[in-house]
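Nothing here was measured: the structure is a model prediction, and the numbers come from that model. Values below: every heavy atom of this structure, side chains too, minus hydrogens, waters and symmetry copies. Letters A, B, ... are given to chains in the order of the sequence lines, protein chains preceding strands, and every chain is numbered from 1.
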Amino acid sequence: MKNKLKNLLIEALKKDFGKNGLDELVEVQPTAAKHIKADYFSNIAMKLSKKLNKDPMDIALGIVKELQPTDLFTFDVAKPGYINFSIKNTQKNNIVTDIIKSKDLLAPFKTNSPKKIHVEFVSANPTGPLHVGHGRGAIYGNIIAKFLRIQGHDVHTEYYVNDVGRQMTLLFHSISKCEVSGDITKDELYKGEYIIDAASGIEKKFPKFKEISTSIGASEKRKWISIICQYMIENYIKKDLEQLGIHFDEWFYETSLFENMRVKEILKKLEETGHSKNHEGALMLKADELRPLIKSNGEHTYLASDLAYHDYKLSKYDLVINIWGADHHGYIPRIKYGMEALGHNTKKLDIHLIQFANLYRGKEKISMSTRKGKFVTLKTLVDEIGNDAINFFYLTKKKDQHLDFDLNVAIAEDKNNPVYYIQYAHARIEKILNEVGKLEQYKFNPDSLKNDFEKKLISSLNSFYETCEKSITGLQPHVMTHYLQKLSQDFHSYYANVKLLTEKIDYDKIYLVAAVQKVIKCGLELLNINAPEKM
RNA sequence: GCGUCUGUAGCUCAGUUGGAUAGAGCGUUGGCUUCCGAAGCCAAAGGUCAGAAGUUCAAGUCUUCUCAGGCGCUCCA
C-alpha cells in the first residue's frame, strides 16, 4: 500500500511539474500522531517548497489535483502542506482474511539472498553455573539467531569455551586437591557449594582425580583441566541453557585453536606483515596501542586465540555476529584491528553489545557478585519466574538500554504482568472459538466491521507486517513485545465492550478475533513464549 | 582524563531514514460484574523530552558543548 501511494505521488508530480529525479524525495509514512485520522501521509510538498520557491500548501494542492480518486482510499491536504491518505474501511478489513488464510505469517520476511551466518553468544568461562548476569545475552542471542533463521539465513550458533588460561588454572586448583603455586593465591580460588559438588562428581567419574598432588606435570594438569571444563559444561552450563530452551549447534573449544595450529598461523602472518613486534620480552599486536599476544612469561593471551578464532570464522562465514556484554566494548577495536591486519573485511564482523540488567525484588536490588559463590544463578531465576516471563522481560527492552528487572512483577499473575495479559487475550479467544465451532464454511464480509473498537483492532492488525519488518529484519525483539501488548489491549477492550457470543452470532466478529489470536500466537512463539489455550 | 551506553510522566520504558497537538504499561484518583473468564474494562490527573547553543520550513530525533548515572580503559578475562 505504501509503495502504491508513493508511485501515484511520483506520477502526479511528473504531470504537475514535469520534473524527473524527484522519486527519491517522495516518501509515504504511516501517521503517528493520535489526532490525525488519516492512515498515511507524505511530506513531499514541504520538501519541494524551497526548491520550487513556492508555498508548500500550493504544491500539495497542485499534486492532489493530479491524483486519481480510487475505491481504495481518499486523500486530502492539511496545513502546512501534508498530503494525507485514508484507506477505506473495506480495504483495511481485508487484513482479516489475509491473516486467516495465510499459511505462514512470517513468509514475507524471507530474504532472497540467504547468507551463512555465525552467531556466537553466552560463552561464559566454564567456571560454574551461569548466573543471572548471563541471562540477557543468552536470551538475546538465541532470539537473534531465530530471527535470522526466519529470514531464511543459514545460521550456525556457537558457544566459545575458554578452556585455556588463568581462569581455568584457578578452577583446577579450586576443585582439585592440588595446592596453589606460582602467581596464584588462595584468595583467588572459586568458592561456593557447586565447587564441592563438582569435585565429588568428578571424583566419582574419575577416581584418580583424588590422587592429584602438587608435583603434577604440566601436560597432565592440562588433561585434568580439560576434563573439569567438560564436566562444568555438561553438568551446569548446558543444563542451565537447556532449561531456557537454548541449544547450540556447536561448543567450540579454545584448545582446538592451539591443537590445529591456528594460533601459530595467525601469529606468523601478523609478524610477516609487520603488524606485531617484540616488546620487553612479549609479543605485541600493533593496534590502537600495543596489545599483548604472548606475555613475557610465554603464555598466550586471550587476544591471540580470539584473533585465531575470528580469523577462522570470518573465512568460513558471510557474516559473524558476536553477542557480548557491554563491559567488553573496549575489546572491539583490538579485534577489528587484528582482523584488518589479517586481511578481513570487518564489515562482516558484527558485534552486538548488551547492556547490563539489574535485578530487583520490589525496591531491593539483588546483588550479582560472583565473589565467594554468592550469586543468583540463572537456574534459580528460571525456577522462580518461568521461561515465559524471563524471555519477555529480557526482550522487552532494546539491547542498548540498561534494564531494571523487578522479580515481583514477573511473578505476578494479573495485568501487572504483561506476559499474563497477552497470554490471557490468547486464552480468552480460544474459549470463544471453541464455543462457536468451525469457521471454514463462513465467508468473511469486510464491510460489516465498522465500530470504533473494530477499527482500532484492525488498525493494529494492519501494523503487524510493519512490526515484523522492524523486529525480525531489524533484529529488534523489543518492538514485538510492545506490539503484542498493544494488540492485546485492543482486544481486551473490544471483548469488554462488544459481546461476541450473542443469540445470533456475528461471524465476521468471530473472524476478527480469530485473526487476532493467530497474530498473538505467532508473536508469542516468535519470542519463545507459550500461547496457552487455557490459563 | 579517554572511550562507550544511557538521561522522555511518580516508576519501568516506547518513540520509524527529522514531520502535525508527546506515547504505553504500572502506580494514583474515580467509576464498571443479573451478561462470552473482573487474570478484565472505562475515565481523569500527571511532561521546561537532563541543560545550553546551533542546523532546518520542521528537532525527543541531527551537530557541538555542559551536567548526571552505568560500564570499560592490565603482559585480566
Side-chain angles (χ1 to χ4, degrees), chain A residues 27 29-36 38 41-43 45-47 49-50 55-56 78-82 84 124-125 127 162 164-168 170 279-284 288-303 306 325-333 353-356 358 360 363 393 396-406 409 412-418 420-421 423-425 427-432 434-436 466-467 469-470 474 476 478-479 481-483 485-486 488-489 491-502 505 513 534-535:
Chain A
E27 42 184 351
Q29 300 173 55
T31 48
K34 237 188 165 178
H35 64 283
I36 307 294
F41 75 94
S42 176
N43 54 11
M46 270 101 78
K47 281 187 170 175
S49 142
K50 200 162 198 183
D55 184 343
K79 277 195 289 188
Y82 292 101
N84 289 330
N125 277 335
T127 53
N162 293 119
V164 193
R166 187 180 160 84
Q167 299 305 316
M168 293 320 294
L170 281 172
H279 177 76
E280 295 173 4
L283 182 67
M284 310 292 269
D288 47 338
E289 44 191 287
L290 291 181
R291 303 292 183 182
L293 294 162
I294 300 178
K295 297 188 255 179
S296 47
N297 68 4
E299 283 175 24
H300 290 82
T301 62
Y302 272 52
L303 180 60
D306 277 349
D327 52 335
H328 283 70
H329 82 264
Y331 201 61
I332 296 175
L353 290 179
I354 314 294
Q355 294 297 323
F356 282 8
N358 291 314
Y360 290 83
K363 288 199 168 159
F393 282 99
T396 194
K397 270 125 223 177
K398 58 178 184 236
K399 69 177 193 333
D400 312 292
Q401 180 70 252
H402 306 123
L403 186 156
D404 287 338
F405 182 179
D406 185 351
V409 172
E413 299 199 357
D414 54 30
K415 67 170 181 168
N416 290 343
N417 185 341
Y420 275 82
Y421 187 79
Q423 290 179 324
Y424 181 44
R428 262 184 158 177
I429 298 174
E430 183 66 25
K431 181 82 180 290
I432 289 166
N434 284 338
E435 296 287 329
V436 300
E466 196 193 327
T467 303
E469 207 166 38
K470 255 186 266 177
Q476 298 192 92
H478 75 275
V479 174
T481 65
H482 287 101
Y483 173 79
Q485 280 189 86
K486 168 78 167 67
S488 305
Q489 190 189 351
F491 165 73
H492 284 305
S493 173
Y494 183 50
Y495 180 90
N497 287 285
V498 176
K499 194 160 160 60
L500 297 167
L501 297 179
T502 46
I505 287 173
V513 295
K534 246 189 238 173
M535 292 175 72

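For B:G15, the OP1/OP2 oxygens have a side-chain nitrogen or oxygen of A:H478 closer than 4.0 Å. Regarding contacts with the backbone of B:A14, every side-chain N or O of A:K486 stays at 4.0 angstrom or more from both OP1 and OP2. Neither OP1 nor OP2 of B:A24 sits under 4.0 Å from any side-chain N or O of A:Q489. The phosphate of B:C57 has OP1 or OP2 within less than 4.0 Å of a side-chain N or O from A:K50. OP1 or OP2 of B:C41 sits under 4.0 Å from a side-chain N or O of A:Y421. For B:U74, neither phosphate oxygen OP1 nor OP2 lies less than 4.0 angstrom from any side-chain nitrogen or oxygen of A:R166. Phosphate proximity of B:A20 to A:T31: absent, as no side-chain N or O sits under 4.0 Å from OP1 or OP2. Dashed line: the shortest gap from a side-chain N or O of A:Q401 to OP1 or OP2 of B:A14 is under 4.0 Å.
The distance from atom CG of A:N417 to atom P of B:G25 is 15 Å, rounded to the nearest whole Å. Between A:M168 atom CE and B:C76 atom P there is a gap of 18 Å when expressed in whole angstrom units. In this structure, A:Y483 atom OH and B:G15 atom C1' are separated by 17 Å, rounded to whole Å. Taking atom CZ of A:F356 as the reference point, atom P of B:U12 lies 19 Å away to the nearest angstrom. Between the P atom of B:U33 and the NZ atom of A:K499 lies a distance of 15 Å, rounded to the nearest Å. Between A:L403 atom CG and B:C5 atom C1' the separation is 14 Å, expressed in whole Å.
Using a 4.0 Å heavy-atom distance criterion, A:K470 is classed as a base contact.
With A:H402 contributing its side chain and A:N358 its backbone, the two residues share no donor-acceptor pair below 3.5 Å.
Legend: residues meeting side-chain contact (heavy atoms from CB on, under 4.5 Å) with A:K295, ordered by chain and number and at least two apart, are A:N297, A:E299, A:T301. In this view, A:Y483 and A:S463, A:F464, A:T467, A:M480, A:L487, A:V519 satisfy the side-chain contact (heavy atoms from CB on, under 4.5 Å) rule, not counting sequence neighbours. Listed by chain and residue number, A:F393, A:Y394 satisfy the ring-ring contact (aromatic ring centres under 6.0 Å, His included) test with A:F405 (two or more places apart in sequence, or in another chain). Residues passing the side-chain hydrogen bond (donor to acceptor under 3.5 Å, both in side chains) test with A:Q489, sequence neighbours excluded: none. For A:Y494, the side-chain hydrogen bond (donor to acceptor under 3.5 Å, both in side chains) test picks out A:E454, with sequence neighbours left out.
Aromatic stacking is marked for A:Y82 over B:A20, as both cut-offs hold: 5.5 Å for the centres and 30° for the planes. Here A:H35 packs flat against the base of B:U21; its ring centre is closer than 5.5 angstrom to the base's six-membered ring, tilted by less than 30 degrees.
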- Note on the structure: Pairs under 3.5 Å (Watson-Crick or G-U), crossing ones as [ ], inter-strand ones as |: RNA chain B comes out as (((((((..((((.....[...)))).(((((.......))))).....(((((..]....))))))))))))....
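When the C1' atom is compared between B:G69 and B:U17, the two are found 30 Å apart, to the nearest whole Å.
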